[in-house]
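The block underneath contains the structure these notes are about, expressed in structure tokens.
Computed over heavy atoms, backbone and side chain alike; hydrogens, waters and symmetry mates excluded. Throughout, protein chains are lettered first and strands after them, A, B, ... in sequence-line order, and every chain is numbered starting at 1.
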Amino acid sequence: MLIARFILRLLATETTKVTFPSTRTRNVLETAQCDNHLIHYFSTTEHQRRSPFNSIYNLPNNKEVEPLHAQAIKNGSAQHQQVGNHLLNLYVKCSDLGQAQKLFDDITNRDVRSWTILITGFAKLGSTKLGLDLFAQMQYDGVCPNCFTLSSVLKCCSCLNDLRKGKEIHGWVLRKGVGSDVVLENSMIDHYVKFGNFDYARIIFESMSKRDTVSWNIMIGAYLHIGVVDKSIDLFRRLPIKDVASWNTIIVGLMRNGSNVKALELLYQMGKVGPQFNNITFSIALAIFASLSLLELGRQIHGKVLRVGLLCDGFIMNSLVDMYCKCGKMDRALAISKKPPQGYDDMQSSNSVLWSSIVSGYVQNCRFEKAFKLFREMVCEGVEMDEFTLTTLASACANAGILEQGLQIHALIEKLGHKLDVFLGSAIIDMYAKCGSLDEARSIFIQTDSRNTVLWTSIISGCALHGQGRESIHLFELMLKEGIRPNEVSFVGVLSGCSHAGLVEEGHAYFRSMQEDFGIVPGVEHFTCMVDLLSRAGHLNGAEDFIYRNGISHISSVWKALLSASRLHKNIEMGKRVSDRLLELEPLSAGPYVLLSNIYATSHRWEEVAEARSMMEQRGVKKNPGQSWIQLKNQLHTFFRGDRSHPQATEIYSYLERLITRLKEIGYSIDTDLVTHDVEEEQKELILGFHSEKLAVTYALMSTPCGSLIRVMKNLRVCTDCHAFVKYTSKVMGREIIVRDPYRFHHFKHGKCSCGDYW
DNA sequence: TTAGGGTTAG
């Protein structure tokens with residue numbers, strides 16, 4: 001109901017109008033009577049330039065300004081202050097700083113406004129160093145700056161991270177008694193906010209004799225920036241006149257603080273009682289709908305955007321594409337992205353955002369091959385590869401487990417000279433960890449200089465993934481020592497580390513500390529880790545008790561963990577009870593049936609095995625087939641259980657048979673308990689012999705040089721027989737073998753596995 | 001003063 005009313009209101013709204021040039025500017029020109037062409041320019045083009053949404057479209061083009069300039073030179077008025085300043089303004093507005101500088105040098109009687117226009121131009125267009133140089137020259141020339149000059153100079157200081165210079169300006173203002181000017185005071189507040197000097201900002205805000213909406217908006221934004229959501233909402237409610245920027249600021253700030261639903265509520269309120277939406281509001285609305293996967297509302301905005309002719313706005317278009325990608329509608333996203341935006345000021349960057357959204361969309365939808373194909377196209381078309389795109393690509397390599405491609409992405413990052421910020425750093429650490437190179441992940445971690453919670457969590461989880469529970473704990477403690485506050489994911493990392501290494505006591509302690517010291521309410525993942533920890537360590541009854549005590553018996557993942565451990569510890573009674581519970585919760589998932597039949601098979605209760613299998617068939621539940629893959633020389637080789645489709649299948653099977661004979665000589669015996677069908681011993685041996693990881697390891701042994709590392713990826717957990725098989729193989733063949741299953745890594749070396757047979 | 005794409009999880 002709320003949403004429906006919201007949409008109705010939204011569709012009825014009109015949008016803010018912005019015109020250029022302002023009436024004031026036009027009057028200046030008219031009174032100056034400087035040049036017929038200039039007056040003609042403004043009087044005839046204003047209505048043509050009018051666009052309801054964005055001043056970008058109202059900006060002049062330098063091809064239009066140049067004839068005006070030429071005419072003014074002809075009339076001898078260009079070097080005069082009034083006309084000169086106005087032309088200067090036009091050049092700045094069309095971003096032609098070169099011409100602006102030339103003209104500035106030509107103006108004979110420059111006043112404070114001439115200096116200010118150019119300094120403001122430098123500040124707005126990012127040439128902040130030049131802005132400060134010009135300010136120094138202005139002071140040298142003895143020209144006294146006004147409030148507008150100082151405001152732009154402060155902006156330059158903020159961009160250049162020059163807090164000292166900003167403070168100098170502040171001191172200068174206090175000494176000279178420039179007087180209270182709201183624009184200047186706003187800039188000072190903004191400057192201090194950007195440097196995290198929140199107290200200074202608040203002192204200035206509270207001492208202001210007159211505040212405008214901008215002053216309030218900056219403070220609201222500042223509170224949101226430091227995560228003080230309640231205070232920002234309080235300030236927003238007290239704000240007497242809320243303009244469109246006030247609403248946009250609070251809504252986008254809530255979204256960035258993770259309060260998406262609250263942001264949605266305020267957006268609804270804005271539609272009901274607030275000002276008309278502008279293009280920024282639409283962009284924010286699309287981002288909210290994207291993050292909440294509200295496709296229908298996103299579509300409504302799309303319709304509105306089309307009706308008001310906003311689709312050509314680069315920002316809006318990118319937001320729309322991203323919304324469709326995040327809602328899984330890649331075709332819609334691609335269709336929109338085909339139409340290039342018009343009148344956009346930074347095509348290169350906009351294009352990069354667009355490609356990045358689509359690559360990210362493919363990664364989120366697990367279409368890694370498509371993502372890499374797009375990446376290759378981006379390289380061919382010379383699209384700028386920024387940190388955003390590269391982070392997404394690193395994440396794709398991590399999820400697909402393709403180390404070779406990951407190495408290429410890392411090399412590209414270094415070639416382009418990108419610094420590993422927290423995002424890129426975390427993604428690269430995660431990529432190396434998930435591709436099996438924990439040492440490399442550690443070395444990258446050591447090299448990073450700015451580390452936040454996510455970056456620390458990436459390496460902690462990486463260690464857990466490789467079964468290095470002690471190392472996970474060590475890093476977690478180091479993180480605490482450095483004053484970095486763990487979040488809920490950090491605890492999943494350290495708990496799963498404890499679980500993989502059998503560290504029961506430590507796991508319990510962290511689970512308590514998470515709630516008591518950090519106030520984090522345990523979620524499904526934490527509970528699952530705890531049940532896993534307890535049950536794998538053999539405390540099956542304790543784990544079941546934990547489930548009921550914590551009121552989590554409706555969560556299927558905790559029962560799955562317990563069921564898996566019941567099989568590991570061959571506890572049939574528990575296995576039966578747990579699988580019954582699990583089948584009630586998830587009647588259509590294959591896992592419980594397979595685990596249950598495995599439990600019965602372990603005790604040779606073939607009737608029950610058959611019963612479980614037939615129940616599965618009757619309900620139309622299909623088991624996900626076991627699959628392993630390896631990458632050799634840029635080519636993926638995939639194997640299924642009993643697969644004979646590989647061109648070298650005959651050689652692989654004969655090699656495998658010979659290998660098994662050799663392994664048996666040193667003590668390997670096939671664990672026939674694992675076979676889930678009631679078949680003859682010899683037949684069971686054959687079925688086990690065909691498990692996909694055995695085929696993949698065998699093919700790797702045949703195709704790679706002696707002594708080289710073998711990496712195998714697997715979609716299901718490794719069975720105990722294959723685990724033993726790979727252990728013996730690593731000993732007999734003198735090879736290091738890494739197997740990645742969906743939950744962790746196994747490093748096999750000299751006949752031992754890094755998991756210590758505990759997985 | 002406000003807008004778009006990025007990282008960690010049984």
Practice task
Tell me, yes or no, whether the heavy-atom count around A/Phe148 atom CZ, taken from other residues, nucleotides or ligands under 6.0 Å, exceeds 12.
Solution key: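 No - once you tally the heavy atoms of other residues, nucleotides and ligands closer than 6.0 Å, there are 12 at most.
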
Is the closest basic N to carboxylate O distance between [X] and [Y] below 4.0 Å?
{"X": "A/Lys419", "Y": "A/Asp449", "answer": "yes"}
{"X": "A/Lys560", "Y": "A/Glu586", "answer": "yes"}
{"X": "A/Glu471", "Y": "A/Arg442", "answer": "yes"}

Give one of base, sugar-phosphate or nothing for [X], where a contact means two heavy atoms less than 4.0 Å apart.
{"X": "A/Arg256", "value": "sugar-phosphate"}
{"X": "A/Lys326", "value": "sugar-phosphate"}
{"X": "A/Lys434", "value": "sugar-phosphate"}
{"X": "A/Ser426", "value": "base"}
{"X": "A/Asn452", "value": "nothing"}
{"X": "A/Val252", "value": "sugar-phosphate"}

Return the nearest nucleotide to the side chain of [X]; candidates are [options].
{"X": "A/Thr528", "options": "B/dA9, B/dG6, B/dG10", "result": "B/dG10"}
{"X": "A/Thr249", "options": "B/dG5, B/dT2, B/dA3", "result": "B/dT2"}
{"X": "A/Ala427", "options": "B/dA3, B/dT7, B/dG10", "result": "B/dT7"}
{"X": "A/Ser360", "options": "B/dT7, B/dA3, B/dG6", "result": "B/dG6"}
{"X": "A/Ser461", "options": "B/dA9, B/dG10, B/dG6", "result": "B/dA9"}
{"X": "A/Ile280", "options": "B/dG10, B/dG5, B/dT2", "result": "B/dT2"}

Exercise for the section: Not counting sequence neighbours, which residues clear salt bridge (Lys or Arg N to Asp or Glu O under 4.0 Å) with A/Glu488? List them please. Expected result: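 A/Glu488 satisfies salt bridge (Lys or Arg N to Asp or Glu O under 4.0 Å) with no other residue.
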
Rounded to the Å, how far apart are [X] [atom1] and [N] [atom2]?
{"X": "A/Ile444", "N": "B/dT8", "atom1": "CD1", "atom2": "C1'", "result": "16 Å"}
{"X": "A/Met431", "N": "B/dT8", "atom1": "CE", "atom2": "P", "result": "13 Å"}
{"X": "A/Ile520", "N": "B/dA9", "atom1": "CD1", "atom2": "C1'", "result": "13 Å"}

Problem - Qualifying salt bridge (charged side-chain N to carboxylate O under 4.0 Å, His left out) pairs with a residue from residues 234-251 of chain A, counting only residues at least two apart or across chains - result: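 Every pair satisfying salt bridge (charged side-chain N to carboxylate O under 4.0 Å, His left out) with a residue in residues 234-251 of chain A: A/Asp234-A/Arg238.
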
Exercise for the section: Give me the residues of residues 384-396 of chain A where at least one heavy atom lies under 4.0 Å from an atom of DNA chain B, by number, or none. Expected result: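 By residue number: A/Asp386, A/Glu387, A/Phe388, A/Thr389, A/Thr391, A/Thr392.
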
Exercise for the section: Could you list by number each residue of residues 557-565 of chain A showing a heavy-atom separation from DNA chain B of less than 4.0 Å, or answer none if no residue does? Expected result: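 Heavy-atom cutoff 4.0 Å gives no residues at all.
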
Donor-acceptor pair under 3.5 Å: do we get one between [X]'s side chain and the base of [N]?
{"X": "A/Arg744", "N": "B/dG10", "value": "no"}
{"X": "A/His500", "N": "B/dG10", "value": "yes"}
{"X": "A/Ser319", "N": "B/dG5", "value": "no"}

Handout entry: Minimum side-chain heavy-atom gap A/Ile251-A/Met255 below 4.5 Å
Key =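 SC-SC contact between A/Ile251 and A/Met255 ruled out.
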
Handout entry: A/Thr389 side, atom OG1; A/Ile358 side, atom CD1 - distance, nearest 0.5 Å
Key =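 With rounding to 0.5 Å, OG1 (A/Thr389) is 11.0 Å from CD1 (A/Ile358).
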
Problem - side chain to side chain donor-acceptor pair (under 3.5 Å) against A/Asn452, all qualifying residues, sequence neighbours excluded - result: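 Partners of A/Asn452 under the side chain to side chain donor-acceptor pair (under 3.5 Å) test: none.
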
Practice task
Output all residues satisfying ring-ring contact (aromatic ring centres under 6.0 Å, His included) with A/Phe388, sequence neighbours left out; order by chain, then residue number.
Solution key: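 Applying ring-ring contact (aromatic ring centres under 6.0 Å, His included) to A/Phe388 gives none.
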
